[in-house]
Amino acid sequence: MDPTVIGTKIASGLVGPLVKRLFVQAGPGAGLVDKPVRLSALVSFRGEKRKLGDKELRRLVRELVERAARETREAPLDEAELEAVAWALLRTLHSLGDLDLDDLEAVRLGYEALADKLYTQAGGDRLLRDLSYDSTFLYFHLLNSACVHILHFFTQRSTFVARTLVEQSRQLDQLIRLTDLLVERLTSRTAQDAAFELQYARYLATRHSRLTIYGVDLNECADWPLDTAYLSLEATRAGEIHALPEDGAGLGRPSPTPRPVEQALAGHERVLLRGVAGSGKTTLVQWLAVTTARQEELTGRLAHLMGRVPFVLPLRTLTRGGALLPVPGDFLGSVSCPLAGSQPPGWADRVLAAGRGVLLVDGVDEVPEQERARTRRWLADLLAAFPGNLWLVTSRPSAVRDEWLGGEDFAELTLSPMSRDNIAVFVRRWHEAAGADPALGAALLSSVRTKQDLGRLATNPLMCALICALHRERRGFLPRGRKALYDAALSMLLERRDRERDLSVELDEESQVELLQRLAYWLIRNGRAEMDRADAVHQLERLLPSMPYVAAQGSAEEILRHLLVRSGLLREPATDTVDFVHRTFQDHLGARAAVEERDFDALVAHGHLDQWEDVIRMAVAHARADERGRLLTGLVERGDREPAHRSRLHLLASASSCLRTRVTSPYWPNSLRWTNSGSC
């Protein structure tokens, strides 16, 4: 059956009468209410104003299908096919009442997009399982024809024109206000400032336009375009709660209401965003920087970014070596921006004085504990000197106390774990980027949804990437628990990356881990996230005499160069500076070094510091049974002795106590004594 024949032979008279009966008739007026009227309030087969029963709706749809089939003389459909088409079309039209649209939005979509939404809402491809090739064509053409008449019906409603004019007036008013705002923000610029800002925006959009995704390619650094890789995550704010369920489940335990993080940021001038390691804080900073720099499609929830200039300020870099935190004129130089020397004198001060800045301050948790008070004073001074700018400050959850910036009117938001939809999108994109079999991704998604321990791990982009890589590498077999997952990831990165490569330095996995964990532990002991290259070389020089196999491969400088180029775990973010590609790997390796050195007293002594929190939890996972007992008992005993840190130390011990054997120390409280669940 030629689809063009069907399209020309289905007369409007077949569809029009049905469409009119699908909706209730509205009275005159502009239809102005507190909220737009949704399609669910307009359909005639639902709600209190129901005028079309289910049986009558089925009869009308069946009659429509039969008459359409009679109009088509070529390759007529049999009774079973007609019934299948009628059922699919009925389900699709019935989903009109489930669309979160009003009539204005529906008309703005157009009939094809409306048809796609209805099709998806009704079940998508599941609708077509019982349809033949010809039946499918008939279904889609009837659906498209119905959508044309639905939109035509909307435009004929007495309230439509009035409401359209009102909506256009609102949009025009918003456009005028945004234009005035943009003119106000930009007219104060000199020609020299404007030219530099254009150059700076191009640099930022390029510099932050790609994300490193772990495990996609074991031989080269795998970067994704930000536009493809970015996932819109959700955030919650204290004090905002879900409506309680009707059955009273969860009564008395309201949970924060999650919302898209970009939407949550739109309503606040100053935001402190908390998120666990790997949850996407830095990725959000990149996305905001690129979006603001491009100045494209900044409408609606992004209108607050119009005419603004972003400054990306990673605190791990700004505080390197105890350096003084920069004033605005030194922002670009402090992050090694190559345009720092060409910025017009006083440009950054003029941008902030005009309230046009977007200051993205990333990683309070990566500032040493003793320097955070200084960091807070730096922020307060900038806020006092340059009000009216947008601020986003990020941190791990426990790095700073509640209301750390509350006196500066910062709203506190927390990134939520990835939703099932986010995980599905991420896994699909990862397998596409890796060129992996889509069936492998589907199998992984099934495992994540059905295996509780795996589902608890796949809650942020970093863990999802590692799980995807290991699942492909091990042909579907995944280790249980966070510690086992990191061990397997390190083995994959260190052992497989150099396979079948002709390298001047050849190091086995065990040797590389020994070297890397020495560097990681030095960073942790010194409260740093970055180290000078000279310090890294010095640490390796001290270690090489005890590792003759490695010493025979080359000097400490050559060994460090090999680790930077080939390990996949170290990088050089700036000249003569070394750090780990992600803080989680630093903590994991540092914890392993601490256990091997039996530095349990040092771990306990630092238990009250948030920078050691993940290190201690991973140390518990690395330790043997007697060592775990010693470490956990030490935390509890110290908490008993020091009331100021009691809650934090006891909670840390509790959270770390996922052991493989029962802790039997006489000093261990019964309330915190249990066996391992395998999730550590």
Colleague: Hey, can you tell me if H471 and H431 have their rings parallel, tilted or perpendicular (30° and 60° cut-offs)?
Modeller: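 Plane angle over 60°, so perpendicular.
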Colleague: Keeping T394 on the side-chain end and K281 on the backbone end, is there a donor-acceptor pair under 3.5 Å?
Modeller: no
Colleague: Just wondering, more than 12 heavy atoms not from L324 lying within 6.0 Å of its CG?
Modeller: no
Colleague: Does a side-chain heavy-atom distance below 4.5 Å link Q586 with I524?
Modeller: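 Yes, at least one pair of side-chain atoms sits under 4.5 Å.
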Colleague: Could you tell me whether R624 and E627 make a salt bridge, using a distance below 4.0 angstrom between a side-chain N and a carboxylate O?
Modeller: yes
Colleague: For D601 and R630, run side chain to side chain contact (heavy atoms under 4.5 Å, CB included): C-alpha distance rounded to whole Å, both residues' side-chain angles, the deciding distance at 0.1 Å, then the answer.
Modeller: CA-CA 9 Å; D601 291 341; R630 176 179 171 182; 3.9 Å; yes
Colleague: Donor-acceptor check, side chain of H608 to backbone of H645, threshold 3.5 angstrom: yes or no?
Modeller: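 Not a single qualifying donor-acceptor pair exists.
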Colleague: With side chain to side chain contact (heavy atoms under 4.5 Å, CB included) as the test, would you mind laying out the steps for V427 and C468 before giving the verdict?
Modeller: CA-CA 7 Å; V427 170; C468 287; 4.0 Å; yes
Colleague: For D610, which of R396, R372, R274, R401 qualifies under salt bridge (Lys or Arg N to Asp or Glu O under 4.0 Å)?
Modeller: R372
Colleague: Okay, side chain of S511, backbone of L507: is any donor-acceptor separation there less than 3.5 Å?
Modeller: no
Colleague: Between Y200 (side chain) and P310 (backbone), is there a donor-acceptor pair under 3.5 Å?
Modeller: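 It does hold such a pair.
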Colleague: Going by the side chain to side chain contact (heavy atoms under 4.5 Å, CB included) test, name the single residue among L359, T375, V364, V400 that passes it with V393.
Modeller: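 Checked L359, T375, V364, V400 against V393; only one passes side chain to side chain contact (heavy atoms under 4.5 Å, CB included): V364.
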Colleague: Can you check side chain to side chain contact (heavy atoms under 4.5 Å, CB included) on L360 and F311, steps first, answer last?
Modeller: CA-CA 6 Å; L360 306 168; F311 296 93; over 6 Å; no
Colleague: When you measure from the side chain of S446 to the backbone N and O of A442, does any donor-acceptor pair fall under 3.5 Å?
Modeller: no
Colleague: To check you understand the geometry: which heavy-atom pair defines the closest contact between L318 and A323, and what is its length?
Modeller: O-CB, 3.7 Å
Colleague: Does the distance from a Lys or Arg side-chain N to an Asp or Glu carboxylate O, for E613 and R648, drop under 4.0 Å?
Modeller: yes
Colleague: May I ask you to check whether over 12 heavy atoms, not counting those of R207, lie within 6.0 Å of atom CZ?
Modeller: no
Colleague: Counting C-beta onward and ignoring hydrogens, is there a side-chain heavy-atom pair between I467 and C464 closer than 4.5 Å?
Modeller: no
Colleague: Which residue pairs pass the ring pair (Phe, Tyr, Trp, His ring centres under 6.0 Å) test when at least one of the two sits in residues 612-637, sequence neighbours left out?
Modeller: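 Residue pairs passing ring pair (Phe, Tyr, Trp, His ring centres under 6.0 Å), neighbours aside: H588-H622, H606-W612.
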Colleague: Taking E541 for the side chain and A556 for the main chain, is one N or O donor matched with an acceptor at less than 3.5 Å?
Modeller: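 Not confirmed, E541 side chain does not pair with A556 backbone.
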Colleague: If you compare all heavy atoms of D576 against all heavy atoms of E572, which two are closest, and at what distance to 0.1 Å?
Modeller: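 Closest approach of D576 to E572: N-OE2, 3.4 Å.
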Colleague: Nearest 0.5 angstrom please: L569 CG to L564 CG, how far?
Modeller: 11.0 Å
Colleague: Any side-chain heavy-atom pair from Q611 and R583 closer than 4.5 angstrom?
Modeller: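 Yes; the side chains approach each other to less than 4.5 Å.
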Colleague: Could you pull out the closest heavy-atom pair between P368 and G527, with the gap in Å?
Modeller: CG-O, 3.0 Å
Colleague: How long is the gap from CG on D587 to CZ on R592, to the nearest 0.5 Å?
Modeller: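 Going from CG on D587 over to CZ on R592, the span is 15.0 Å.
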Colleague: Looking at the rings of F585 and F580, which for Trp means the six-membered one, are their centres under 6.0 Å apart?
Modeller: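 That pair fails the under 6.0 Å test.
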Colleague: Can you tell me if Y549 and D508 form a side-chain donor-acceptor pair at under 3.5 Å?
Modeller: no
Colleague: Do W391 and V271 touch side chain to side chain, with heavy atoms closer than 4.5 Å?
Modeller: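 Result no, sub-4.5 Å side-chain heavy-atom pair not found.
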Colleague: Treating S334 as the side-chain partner and D330 as the backbone partner, does any N or O pair qualify as donor plus acceptor under 3.5 Å?
Modeller: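 Yes: the side chain of S334 pairs with the backbone of D330.
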Colleague: Check the pair E557 / R561 against side chain to side chain contact (heavy atoms under 4.5 Å, CB included), numbers first and verdict last.
Modeller: CA-CA 6 Å; E557 179 66 42; R561 187 181 309 116; 3.7 Å; yes
Colleague: Measure the CZ-CG distance between R571 and D579 for me, rounded to the nearest 0.5 Å.
Modeller: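 Answer rounded to 0.5 Å: 4.5 Å.
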Colleague: For the CZ atom on R428, are there more than 12 heavy atoms of other groups (residues, nucleotides or ligands in this structure) within a distance under 6.0 Å?
Modeller: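 Buried by this count: over 12 neighbours within 6.0 Å.
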Colleague: How long is the gap from CD on E514 to CG on L540, to the nearest 0.5 Å?
Modeller: 11.0 Å
Colleague: Report the distance from atom OG1 of T459 to atom CE of M418, rounding to the nearest 0.5 Å.
Modeller: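 Reported value, rounded in 0.5 Å steps: 8.5 Å.
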Colleague: Quick one: does V309's side chain get under 4.5 Å of V358's, heavy atoms only?
Modeller: no
Colleague: Less than 4.5 Å apart, any side-chain heavy atom of V361 and any of W378?
Modeller: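 Side chain of V361 against side chain of W378, heavy atoms only: contact under 4.5 Å found.
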Colleague: Which atom pair, heavy atoms only, marks the closest approach of P545 to P548?
Modeller: O-CD, 4.3 Å
Colleague: Can any side-chain N or O of R638 pair as donor or acceptor with the backbone N or O of L649 at less than 3.5 Å?
Modeller: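 Checked: no pair found.
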Colleague: Is the shortest side-chain heavy-atom distance between R472 and L440 below 4.5 Å?
Modeller: yes
Colleague: Under 6.0 Å from the six-membered ring centre of Y521 and within 45° of its axis: does the NZ or CZ of R525 meet both?
Modeller: yes
Colleague: In Å, rounded to the nearest 0.5 Å, how long is the span from CZ of R316 to CG of L523?
Modeller: 9.0 Å
Colleague: Provide the closest heavy-atom pair for V335 versus P314 in the form atom of the first, atom of the second, distance.
Modeller: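 Residues V335 and P314, closest heavy atoms: CG1-CD, 3.7 Å.
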Colleague: Measuring only between side-chain heavy atoms, which start at C-beta, is L589 closer than 4.5 Å to L519?
Modeller: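 Side chain of L589 against side chain of L519, heavy atoms only: no contact under 4.5 Å found.
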Colleague: Short question: side chain of S546, backbone of L543 - any donor-acceptor pair under 3.5 Å?
Modeller: yes
Colleague: Is there a donor-acceptor contact under 3.5 Å linking the side chains of Q517 and E596?
Modeller: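 Present: a donor and an acceptor within the cut-off.
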